[in-house]
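See below for the structure under consideration.
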Amino acid sequence: MSNEANIRQILLEYKKKEKEITNFMRHKMPSHAGKIAKDHFQENFRRGGFVNNGLQRWPKSKRELSDGKSAAAKYKTLLSARDHLYSSIRYAPEEGKVTVFNNVKYAPVHNWGGTVSPTVTPRMRKFAWWKFYSGGGKGKPDDPDARFWKNLALTKKTKLNIRVPQRQFLGESKELDEKLRNKLDSEVEKIMFK
């Protein structure tokens, strides 16, 4: 085989590999990237903070700080028995890209922080009394949890302003970028050397 034939063969192989890599990038990598990102963001919940240049811990929730005896007190910040926010992280792969999102209506206020202003309804007051009495609040005037529920039940306000601190769980992350780069490198290497 002549040098010219060798060069042609190498170029053909290169073009074939280039097509495989392009196909992988457009059609398969978005799904891989979405799964990696979802796992990374869910890990933020388990670790209690946002991982970007190390762990940025979230402010503790009131239930964590109150040393309550309720079932809810055993869960970490943003986690619960239902784990609705945690389990609602989704991804939608498209050609050449992926979108990672959480459609829970209260996700943005947790991710970026802010103020919510719910209307105080009779049903909310009834629930507040139930929480007060079910937690044994009647005999615990110094318990901050009991005080909160009693104040909510007795408030004359029709709207509340509740400040929610930022507890970011979605967003850009150096560690996530590194995971994605490692996945891409390993998959391209498999294509090139198979």
(message) Would the distance check show the side chain of Asn161 and the main-chain N or O of Thr115 forming a donor-acceptor pair, the cut-off being under 3.5 Å?
(response) no
(message) Please determine whether residues Val188 and Leu180 belong to a single hydrophobic cluster, defined as Ile, Leu, Val, Met, Phe, Trp and Tyr linked transitively by side-chain heavy-atom distances below 4.5 Å.
(response) no
(request) Check whether any side-chain N or O of Asn111 sits under 3.5 Å from a backbone N or O of Ala107 as a donor-acceptor pair, and report yes or no. (result) no
(request) Could you state whether Phe24 and Tyr91 fall into the same hydrophobic cluster, counting links through intermediate Ile, Leu, Val, Met, Phe, Trp or Tyr residues with side-chain heavy atoms under 4.5 angstrom apart? (result) no
(message) Do Phe50 and Phe41 make a side-chain contact, defined as non-hydrogen atoms from C-beta onward lying under 4.5 Å apart?
(response) yes
(request) Evaluate whether atom CZ of Arg123 has more than 12 neighbouring non-hydrogen atoms of other residues, nucleotides or ligands under 6.0 angstrom away. (result) no
(message) Just so I know, are the side chains of Phe169 and Ile89 near enough to count as touching, which here means a heavy-atom distance under 4.5 Å?
(response) yes
(message) Is it the case that the side chain of Gln168 and the backbone of Trp112 share a donor-acceptor pair, with hydrogens and angles ignored and the cut-off at 3.5 Å?
(response) no
(request) Looking only at non-hydrogen atoms, find the nearest pair between Thr119 and Lys159 and report the distance. (result) OG1-NZ, 3.1 Å
(request) With rounding to the nearest 0.5 Å, note down the distance linking CG in Asn102 to NZ in Lys38. (result) 10.5 Å
(request) Identify whether Phe193 and Ile21 are in the same connected component of the hydrophobic contact network (ILVMFWY, side-chain heavy atoms under 4.5 Å). (result) yes
(request) Flag yes if more than 12 heavy atoms outside Lys179 fall under 6.0 Å of its NZ atom; otherwise flag no. (result) yes
(request) Can you see which heavy atom on Ala33 is nearest to which on Val98, and at what distance? (result) CB-CG1, 4.0 Å
(request) Report yes if some heavy atom in the side chain of Met25 is under 4.5 Å from a heavy atom in the side chain of Leu184; otherwise report no. (result) yes
(message) Checking the side chain of Arg167 only, and the main-chain atoms of Gly49 only, is there a donor and an acceptor separated by less than 3.5 Å?
(response) no
(message) Are the side chains of Glu43 and Val51 in contact, using a 4.5 Å heavy-atom criterion?
(response) no
(request) Measure the shortest side-chain to side-chain distance between Leu152 and Phe127 over non-hydrogen atoms and say whether it is less than 4.5 angstrom. (result) no
(message) Using 0.5 Å steps for rounding, measure from the CE atom of Met192 to the CD atom of Glu13.
(response) 9.5 Å
(request) Taking all non-hydrogen atoms of both residues into account, name the closest pair between Asn52 and Ser173 and its distance. (result) OD1-CA, 3.4 Å
(request) Answer yes or no: is there a donor N or O on one side and an acceptor on the other, between the side chain of Arg90 and the main chain of Ser87, under 3.5 Å? (result) yes
(request) Kindly assign one of parallel, tilted or perpendicular to the pair His110 and Tyr106, based on the angle between their ring planes and the thresholds 30° and 60°. (result) perpendicular
(request) Calculate, to the nearest 0.5 Å, the distance between atoms OG and CZ belonging to Ser88 and Phe101 respectively. (result) 10.0 Å
(request) Measure across Pro118 and Ile162 and return the closest heavy-atom pair with its distance rounded to 0.1 Å. (result) CG-CD1, 4.1 Å
(message) For a 4.5 angstrom cut-off between non-hydrogen side-chain atoms, does Lys183 reach Met29?
(response) yes
(message) So Phe132 and Phe148, do their side chains get closer than 4.5 Å, heavy atoms only?
(response) no
(message) Strictly below 4.0 Å, N to O, side chains only: are Arg181 and Glu178 in salt-bridge contact?
(response) no
(message) Could you report the tightest heavy-atom contact between Gly54 and Glu175, atom names first, then the distance?
(response) N-OE2, 2.7 Å
(request) Give, for atom CD1 of Ile36 and atom CG of Asp177, the distance between the pair rounded to the nearest 0.5 Å. (result) 11.5 Å
(message) Given 3.5 Å as the limit, does a donor-acceptor pair link the side chain of Lys17 with the main chain of Ile191, or not?
(response) yes
(message) Donor-acceptor check, side chain of Thr155 to backbone of Asn151, threshold 3.5 angstrom: yes or no?
(response) no
(request) Find the distance between NZ (Lys190) and CD (Glu20) and round it off to the nearest 0.5 Å. (result) 13.0 Å
(message) Determine whether a donor-acceptor pair (N or O, by modelled atom type, separation under 3.5 Å) exists between the side chain of Gln42 and the backbone of His40.
(response) no
(request) Step through the shown structure and confirm whether more than 12 heavy atoms of other residues, nucleotides or ligands are within 6.0 Å of CZ on Arg82. (result) no
(message) If you compare all heavy atoms of Asn44 against all heavy atoms of Trp58, which two are closest, and at what distance to 0.1 Å?
(response) O-CH2, 3.6 Å
(request) Step through the shown structure and confirm whether more than 12 heavy atoms of other residues, nucleotides or ligands are within 6.0 Å of CZ on Arg125. (result) yes
(message) Quick check on the hydrophobic clustering: are Trp130 and Leu160 connected, directly or via other members, by side-chain heavy-atom contacts under 4.5 Å?
(response) yes
